[in-house]
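Only heavy atoms go into these numbers, but all of them, side chains included; no hydrogens, no water, no symmetry mates. In what follows, chains carry the letters A, B, and so on, assigned in the order in which the sequence lines appear, proteins first and then strands, with residues in each chain numbered from 1.
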Number of protein chains: 2
Amino acid sequence: MKRKITLKQIAKELDVSISTVSKALRNSIEISEDTRQKVQAFAKLYNYRPNNIALSLKNRKTKTIGIIIPEIVHHFFSKVITGIELVANKRGYNVIVGLSNESFDKEVINMQMLANGSIDGFILSIAKETLQQQDYHHFIETINQGMPIVMFDRVVNEIPCDKVIVDDIEGAKKAVEKLISNGCKHIGIITTKDYVSVGKLRTQGYLTALDDHKIEPESSLILKVDDKLLSDDHLDALEKEIEQLFKSNKSIDGIFAVNELYAVTAMKVARKLGYEVPNDIQVISFTDGVLSKHSTPSLTTVSQHGQEIGEKAADLLINRLEMDDEDEIAEDEEEYYETVIIETDLIERESTKS
Amino acid sequence: MKRKITLKQIAKELDVSISTVSKALRNSIEISEDTRQKVQAFAKLYNYRPNNIALSLKNRKTKTIGIIIPEIVHHFFSKVITGIELVANKRGYNVIVGLSNESFDKEVINMQMLANGSIDGFILSIAKETLQQQDYHHFIETINQGMPIVMFDRVVNEIPCDKVIVDDIEGAKKAVEKLISNGCKHIGIITTKDYVSVGKLRTQGYLTALDDHKIEPESSLILKVDDKLLSDDHLDALEKEIEQLFKSNKSIDGIFAVNELYAVTAMKVARKLGYEVPNDIQVISFTDGVLSKHSTPSLTTVSQHGQEIGEKAADLLINRLEMDDEDEIAEDEEEYYETVIIETDLIERESTKS
DNA sequence: TGGCTAAACGAAAACGTTTTCGTGTTAAAA
DNA sequence: TTTTAACACGAAAACGTTTTCGTTTAGCCA
């Protein structure tokens with residue numbers, strides 16, 4: 001078991017100085033053709049690779065991106081990571097991930113662990129608990145220390161950084177309009193409590209769509225689920241709430257759900273109550289994941305293009321990282337930070353009439 | 001925007017030496033109570049944190065684990081990561097991920113990127129292409145350089161390292177036995193080509209179960225799908241193959257699928273052909289993911305306990321990392337490397353009779 | 001022969017830590 | 001008063017690079 005070889009060892013072995021070895025390997029013209037060949041041959045033989053940590057220390061950049069997300073067992077988030085990793089790798093960066101588990105404390109700890117030199121910048125999506133507490137000091141401090149952040153999906157406006165978001169309002173609107181044009185008269189929405197920004201926005205899109213078509217919203221058709229019920233342990237409770245929604249709205253004929261789980265659960269309840277999808281009730285969900293594709297009937301969904309979000313976020317971050325050195329725009333300019341909106345697509349499947 | 005403060009700056013500001021600052025912060029008794037307080041107060045004020053990269057360089061360990069997996073958009077793998085991250089964090093480690101995309105080249109590149117000092121050890125699951133080519137030199141070389149590897153799920157015996165695997169044979173056997181005891185007489189299996197080790201093992205378990213119950217296996221009941229069909233683009237082809245299986249075995253009354261997708265697709269085809277699950281046909285799948293839980297009928301599955309696998313793998317790796325320094329066992333001992341087998345559980349749901 | 005230039009190489013600093021080994025000062029012991 | 005020991009602190013090396021700025025040697029010309 002031979003440890004990795006270093007410049008120093010090569011230098012010693014070949015009886016030259018460290019500087020000579022370094023230069024020879026980088027093909028400096030300062031070094032004679034002879035020694036260059038000798039050094040390179042030796043290095044190749046021993047499979048020399050420069051130590052990354054030493055480089056990071058010297059260059060004061062790690063070529064590593066920190067990702068902090070609420071959870072990873074989630075189609076959307078893993079798609080985003082895929083996108084980030086793709087462009088990061090292509091541009092010579094590594095990716096280090098931390099999970100907040102939707103907890104404020106873990107989010108803070110994770111950021112501190114990484115902000116001490118381990119990474120050059122963050123890509124993150126805010127934990128629910130943080131959104132509730134509205135305590136964003138850890139983001140602000142990180143940014144103030146000169147470490148750029150790119151936020152995606154769950155963002156808050158007051159933080160000065162680049163953002164990549166989905167057009168939640170527009171996406172929801174498209175979905176509801178589809179239901180309307182498909183003949184639905186009484187469209188229910190299954191959404192989250194308002195502090196989850198995306199839930200709120202999607203609800204807003206729902207209301208806008210109704211309004212645009214002169215449909216009076218009915219509060220009994222709006223179910224705001226406590227998102228603790230998103231965890232698998234509380235599936236029963238979720239089903240009960242949805243069942244209640246159906247029973248108190250006998251004429252319901254369309255459902256817009258802000259995520260897949262709500263949608264498939266709604267279909268399940270509907271079937272149990274004797275409705276048939278899509279003939280009696282049509283269903284559309286946000287987030288195009290595995291469930292939508294493989295449920296029966298398969299779900300018409302609003303695709304968020306998670307991978308594209310990840311790619312865009314990584315590009316934004318790396319651009320900023322590699323610009324910082326030279327161009328260094330005036331930081332107080334109006335349009336210093338960018339917010340990219342990724343358009344959603346409506347993917348039609350079997351849960352709506354065609 | 002003030003950059004992160006360093007020991008040197010604190011030293012200069014307080015007019016003491018760097019060593020004094022370092023010692024004061026670590027509460028060395030060498031330093032007087034007075035200066036200690038002064039330094040610590042100053043450090044706190046400026047929110048000093050030791051630079052991780054510098055520490056890594058000095059200590060020659062990064063406290064970072066490299067994970068390389070085929071893909072991340074996959075319930076099982078993301079569960080494993082969750083487990084790894086959990087214990088890694090608890091034990092003071094970070095986690096850096098690379099995706100091989102099932103490609104041999106990307107696997108090699110990724111390992112090289114990380115093996116140059118960025119991490120202390122690997123946790124990985126081998127890419128399909130690598131398994132096909134049976135070229136494992138990059139693993140061997142990494143290990144020879146003194147960097148420990150822990151492999152999980154997709155492993156190969158010839159590589160000297162710790163391993164965490166699922167008892168695929170036993171799990172498959174349990175599933176098939178459940179079908180048998182539920183009265184199935186003609187049990188089909190939908191599996192992958194043999195070079196995917198887990199597919200092969202699960203097939204083996206299927207055959208063992210049949211044999212144990214004196215049931216003659218029929219080759220027409222064994223469908224080995226080209227796993228290119230696992231990607232969503234080829235769903236139609238997958239359905240066709242499965243439909244063929246049904247049509248050439250009219251008396252089929254049980255299906256064991258080696259993954260969720262095969263199982264839900266089988267159920268879909270079955271329904272289309274007029275079979276009812278579980279009355280006409282009972283279905284069990286390997287891998288307990290989201291699909292199983294939320295399909296209708298929900299799937300009886302063999303749970304692999306992905307998170308537990310991740311936790312165990314991380315513990316094995318970190319144990320080895322922290323042992324290496326001191327105890328340093330004789331490397332040629334028989335039982336130098338450990339293989340942990342995680343037991344599977346059969347989770348009964350609606351796709352089998354109870 | 002003296003001086004100059006180019007070629008080939010080495011010394012040393014820097015990145016930010018920790019730690020070992022001095023060193024100077026002061027107070028206590030002889 | 002001298003010796004010793006404790007105390008408080010600093011200098012420097014080390015981790016592995018890259019890069020700037022010498023320094024040496026040889027060759028060339030006058």
Side-chain angles (χ1 to χ4, degrees), chain A residues 2-40 42-43 46-64 115-120 145-147 325, chain B residues 2-40 42-43 46-64 115-120 145-147 325:
Chain A
K2 34 186 182 173
R3 285 233 156 276
K4 291 213 60 109
I5 199 169
T6 70
L7 286 187
K8 195 195 274 194
Q9 293 170 47
I10 300 185
K12 194 171 177 184
E13 214 67 39
L14 263 47
D15 207 43
V16 292
S17 78
I18 297 181
S19 346
T20 305
V21 178
S22 176
K23 289 172 189 163
L25 290 175
R26 324 194 100 247
N27 274 318
S28 159
I29 46 159
E30 272 187 73
I31 306 299
S32 73
E33 186 62 25
D34 247 27
T35 21
R36 239 188 294 172
Q37 300 240 337
K38 206 171 47 177
V39 171
Q40 295 192 2
F42 191 90
Y46 282 88
N47 196 26
Y48 168 81
R49 311 268 166 198
N51 181 305
N52 236 316
I53 296 292
L55 284 180
S56 296
L57 184 59
K58 178 135 195 33
N59 302 330
R60 284 138 120 226
K61 50 184 64 170
T62 61
K63 291 259 176 186
T64 304
N116 301 318
S118 303
I119 61 162
D120 295 340
Q145 285 180 355
M147 178 161 298
D325 302 332
Chain B
K2 38 192 178 170
R3 284 235 158 273
K4 290 214 60 110
I5 198 169
T6 71
L7 285 187
K8 195 194 273 195
Q9 293 169 45
I10 300 185
K12 193 171 178 185
E13 213 68 37
L14 262 48
D15 208 43
V16 292
S17 79
I18 297 183
S19 348
T20 304
V21 177
S22 175
K23 288 172 189 163
L25 289 177
R26 326 193 99 246
N27 273 317
S28 159
I29 46 162
E30 271 188 75
I31 305 299
S32 73
E33 185 62 24
D34 247 27
T35 21
R36 238 188 295 172
Q37 300 241 335
K38 206 171 49 178
V39 171
Q40 295 193 2
F42 191 90
Y46 282 89
N47 195 26
Y48 168 80
R49 311 270 166 196
N51 180 304
N52 236 316
I53 296 292
L55 284 181
S56 296
L57 184 58
K58 177 136 196 35
N59 302 330
R60 284 140 119 225
K61 48 183 66 170
T62 61
K63 291 262 177 184
T64 304
N116 300 320
S118 304
I119 61 162
D120 296 339
Q145 286 181 355
M147 179 161 298
D325 302 331

Legend entry - hbond_proxy Lys23(B) side chain to dG10(D) base (donor-acceptor, 3.5 Å cutoff): yes
Inset, instruction - Check whether any side-chain nitrogen or oxygen of Thr35(B) sits under 4.0 Å from OP1 or OP2 of dC9(D), and answer yes or no. - result: yes
Inset, instruction - Could you pick out which residue, Glu33(B) or Asn51(A), lies toward the 5' side of DNA chain D when each is mapped onto its nearest nucleotide? - result: Glu33(B)
Legend entry - Closest non-hydrogen atom pair, Lys4(A) against Asn116(B): NZ-OD1, 3.6 Å
Show me, pair by pair, the donor-acceptor contacts under 3.5 angstrom made by side chains of residues 53-60 of chain A, not counting sequence neighbours?
{"unit_1": "Ser56(A)", "atom_1": "OG", "unit_2": "Asn52(A)", "atom_2": "O", "d": "2.9"}
{"unit_1": "Asn59(A)", "atom_1": "ND2", "unit_2": "Leu55(A)", "atom_2": "O", "d": "3.2"}

Inset, instruction - Begin with the C-alpha distance, continue with both residues' side-chain angles, and end with the deciding distance and a verdict on side-chain contact (heavy atoms from CB on, under 4.5 Å) for Ile10(A) and Tyr46(A). - result: CA-CA 9 Å; Ile10(A) 300 185; Tyr46(A) 282 88; over 6 Å; no
Legend entry - Phosphate OP1/OP2 of dG16(D) contacted by Thr6(A) side-chain N/O (<4.0 Å): no
Inset, instruction - For Ile29(A) and for Pro50(B), find the nucleotide of DNA chain C with the closest heavy atom, then tell me which residue's nucleotide is more 5'. - result: Ile29(A)
Legend entry - side-chain N/O Arg60(A) vs dA14(C) OP1/OP2, d < 4.0 Å: no
Inset, instruction - Counting heavy atoms from C-beta on, name the nucleotide in dG16(D), dT18(C), dC9(C) closest to the side chain of Thr20(A). - result: dC9(C)
Legend entry - Minimum-distance nucleotide (side-chain atoms of Lys58(B) versus dT18(C), dA11(D), dT18(D)): dT18(C)
Inset, instruction - Under the side-chain contact (heavy atoms from CB on, under 4.5 Å) rule, what do Ile119(A) and Met147(A) come out as? Steps first, then yes or no, please. - result: CA-CA 9 Å; Ile119(A) 61 162; Met147(A) 178 161 298; 4.1 Å; yes
Legend entry - Distance test, side-chain N/O of Lys8(A) to OP1/OP2 of dC15(D), below 4.0 Å: yes
Inset, instruction - Choose from dC15(D), dC9(C), dT17(C) the nucleotide whose nearest atom is closest to any side-chain atom of Leu57(B). - result: dC15(D)
Legend entry - Any donor-acceptor N/O pair under 3.5 Å between dA8(D) base and Ser32(B) side chain: no
Legend entry - dT18(C) phosphate, OP1 or OP2, under 4.0 Å from Ser19(B) side-chain N/O: no
Inset, instruction - Measure from the side-chain heavy atoms of Ile18(A) and tell me the nearest of dG10(D), dT17(D), dT19(C). - result: dT17(D)
Inset, instruction - Could you pick out which residue, Leu7(B) or Val21(A), lies toward the 5' side of DNA chain C when each is mapped onto its nearest nucleotide? - result: Val21(A)
Legend entry - Which nucleotide in dT18(D), dG16(C), dG10(C) has an atom nearest any side-chain atom of Leu55(A): dT18(D)
